[in-house]
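Here the structure comes first, spelled out in structure tokens, and everything after it is commentary.
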Amino acid sequence: MMRAITNRLVIIIPYLWLLFFFLLPFMIVLRIALSDLEYGAPPYTPQFSLADGWNVMWEKLGQLDFENFGFLASDSLYINSYLSSLQIAFFSTILTLLLGFPLAYGMARAPSGIRPTLLMLVILPFWTSFLIRVYAWIGILKQEGLLNQLLLWLGLIDTPLEILSTNKAVYIGIVYSYLPFMVLPIYSTLEKMDESLVEAARDLGCTRIGAFWKVTARLAVPGILAGCLLVFIPAVGEFVIPDLLGGSGTLMIGKTLWTEFFNNSDWTVASAIAIVLLVVLVVPIVLFQNAQARAAEAGR
Amino acid sequence: MTGRWSWFNITSVVVGFTFLYLPIVLLVIFSFNESRLVTVWAGFSTKWYGELFQNQGILDAAWVTIRVALISASVATVLGTLAAVALVRFPRFNGRTVFTGMVYAPLVMPEVITGLSLLLLFVAINFARGFWTVTLAHITFSLCFVAVVVQSRLVSFDKSLEEAAQDLGCPPFQAFMKVTLPVIFPAVISGWMLAFTLSLDDLVIASFTSGPGATTLPMKIYSQVRLGVTPEINAVCTILIAIVTSGVLIATILNKRRNMQHKHN
């Protein structure tokens with residue numbers, strides 16, 4: 001008896017917490033996305049309320065208006081923001097992989113004595129504030145910043161490069177901030193890999209590069225996939241990086257949502273943006289969850 | 001994986017770490033700059049640290065942030081550990097799929113969505129925004145990180161130990177506290193530290209859910225960064241980096257010493 005109650009509480013307490021603070025808020029976002037904008041507090045008229053009961057809710061479901069979504073579709077600002085976010089997130093994920101894979105590979109190949117230290121050095125920036133790490137790049141990338149000073153001093157350029165307030169700075173910021181997320185899962189798959197498989201492939205006549213592609217890269221696929229999703233999904237909705245490093249021409253949906261909410265106080269459009277963003281990200285998020293669940297199962 | 005550490009591998013590790021650390025090192029160096037310009041070196045000085053401790057706005061924000069982080073990390077650790085136990089020990093229960101989804105989704109959910117949805121919840125239930133709304137929001141997203149960290153430790157734990165304790169007449173709750181908890185304790189502690197730093201660092205979710213009188217340090221830093229780069233911000237950032245780095249280093253060393261002792265025994 002006692003056992004059953006303790007068991008149930010272990011599940012029920014976090015379950016209720018997440019239902020109330022994670023799932024319910026999404027329902028509210030959806031509800032507000034389907035409401036009309038009104039000036040006042042709160043700045044929307046709900047289309048349906050829980051107090052009405054199910055019958056009224058069904059009735060009202062028929063007359064819901066999707067005008068906020070129509071508004072998103074009619075204004076090219078929003079569509080361009082989504083497309084540009086996906087594009088920036090996609091290419092920065094590839095850049096992060098190109099930098100992160102050799103790093104993870106080099107770490108996995110390092111003498112086993114220094115591997116824990118290297119691992120800690122990758123994790124350490126992850127513990128350091130995101131905002132601080134983005135801020136650190138402003139001083140480097142700006143017009144009279146350290147990078148331009150160095151390049152001018154080396155004589156490589158005559159006039160300072162314009163990097164800050166362009167998309168280039170956004171790419172640098174994303175690759176920099178999310179690099180540990182790419183390196184860690186790849187490192188953990190490579191570290192567990194059996195080196196004799198590569199030797200076997202070499203013995204069977206594979207070239208060094210051939211063995212790398214056919215054995216190492218293929219075995220690292222789960223890690224690469226997990227790393228790419230861990231970078232891509234949050235990067236699509238990123239706010240701090242485009243806001244601080246990007247310019248007025250940088251369109252990213254997280255920044256657009258922030259502006260709608262904080263500057264224009266348009267809660268209904270902000271909610272509609274959030275819903276569409278979730279729909280866009282549902283496939284990668286489900287992929288990520290499956291990978292996580294599989295990894296947890298494998299550890300059993 | 002073992003083998004020779006080739007020049008190619010050494011180079012990629014060195015390049016990778018230089019990229020990761022150079023910006024932070026530069027930021028720290030320029031916090032000790034005499035000049036107000038953060039990009040021109042004019043000699044060593046600690047005056048910006050002195051000015052920092054005169055800045056009441058920053059001190060207030062730091063105090064709010066520390067309280068939010070302490071409370072939210074502690075509650076999130078309890079809830080996250082429970083969630084991890086539920087995930088690992090109960091392979092079947094009603095609504096497990098939804099539960100798993102709710103634990104993993106916040107890990108990758110864009111912060112703007114989490115922040116917006118929590119704010120709308122607080123508005124809907126008429127909960128006054130301020131210190132407690134930020135704390136509740138931080139508990140919610142950091143509990144998922146704690147759950148994942150503790151879960152990975154729990155799956156490798158031998159369940160038969162706990163069952164043996166129960167067979168010897170220990171009630172389940174006590175068996176968990178006396179047998180399982182000590183074993184997974186390092187993971188619980190790192191979960192707490194992770195939750196603490198996540199709360200300490202968060203800008204986006206705090207900006208959405210905060211109200212008057214509850215400005216956190218990242219919000220304060222952000223509003224100043226928008227006006228430009230100043231040595232005072234470099235000084236605040238350096239202090240934060242120093243706190244977090246020493247915390248992580250101490251935890252790593254303690255962990256290592258524990259493992260060594262285990263091996264000796």
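Order of the sequence lines sets the chain letters (A, B, ...), proteins ahead of strands, with each chain counted from 1. All of these numbers come straight from a predicted model, not from anything done at the bench.
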Using non-hydrogen atoms only, which part of [X] is less than 4.5 Å away from chain B: side chain, backbone, both, or neither?
X      : result
A:L99  : side chain
A:W127 : both
A:L131 : side chain
A:L257 : side chain
A:V236 : neither
A:I114 : side chain
A:I140 : side chain
A:L278 : both
A:Q149 : side chain
A:L19  : both
A:F20  : both
A:S196 : neither
A:Y176 : both
A:F239 : side chain

Got B:M109 and A:L281 here, is their nearest side-chain heavy-atom distance under 4.5 Å?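 No, too far: nothing below the 4.5 Å cut-off.
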
Side chain to side chain, B:R226 and A:D243, heavy atoms closer than 4.5 Å: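 They are in contact (side-chain heavy atoms under 4.5 Å apart), so the answer is yes.
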
If you count heavy-atom pairs within less than 4.5 Å of chain B, which of [options] leads?
options                        : answer
A:F181, A:W137, A:F130, A:F101 : A:W137
A:L277, A:L229, A:I285         : A:L277
A:V240, A:L118, A:I138         : A:L118
A:L179, A:L230, A:I273         : A:L179
A:V10, A:T128, A:I253, A:V29   : A:V10

Nearest 0.5 Å please: distance from the [atom1] atom of [X] over to the [atom2] atom of [Y].
X      : Y      : atom1 : atom2 : result
A:L146 : B:F30  : CG    : CZ    : 5.0 Å
A:I123 : B:L194 : CD1   : CG    : 10.5 Å
B:L116 : A:I32  : CG    : CD1   : 8.0 Å
B:L27  : A:R133 : CG    : CZ    : 12.0 Å
B:F99  : A:I11  : CZ    : CD1   : 7.5 Å

Test side-chain contact (heavy atoms from CB on, under 4.5 Å) applied to B:I139 and A:F21, step by step
CA-CA 10 Å; B:I139 292 171; A:F21 286 107; over 6 Å; no

Side-chain donor or acceptor of B:Y21 paired with backbone N/O of A:L121 under 3.5 Å |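 Indeed, once roles are kept as given, a pair shorter than 3.5 Å links the two residues.
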
Would you say A:Y15's side chain and B:G95's backbone share a donor-acceptor pair under 3.5 angstrom?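 Flag set: sc A:Y15 to bb B:G95 pair under 3.5 Å.
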
Query - Shortest non-hydrogen separation from A:A136 to B:P23 and the atoms involved - result: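 That would be CB-O, 3.7 Å.
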
Minimum heavy-atom distance B:L120-A:S271, with the two atoms named: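 B:L120 and A:S271 have their closest heavy atoms at CD1-OG, 3.5 Å.
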
Evaluate the side-chain contact (heavy atoms from CB on, under 4.5 Å) criterion for residues B:C237 and A:Y135: first the C-alpha distance (whole Å), next the side-chain angles of each, then the deciding distance (0.1 Å), finally the verdict. CA-CA 9 Å; B:C237 295; A:Y135 167 74; 4.1 Å; yes

Near A:F262 CZ, under 6.0 Å, is it more than 12 heavy atoms from other residues, nucleotides or ligands?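 Result for CZ/A:F262: enclosed.
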
For A:I209, I'd like to know if atom CD1 has over 12 heavy atoms of other residues, nucleotides or ligands within 6.0 Å.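 It does not: A:I209 CD1 has 12 such atoms or fewer within range.
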
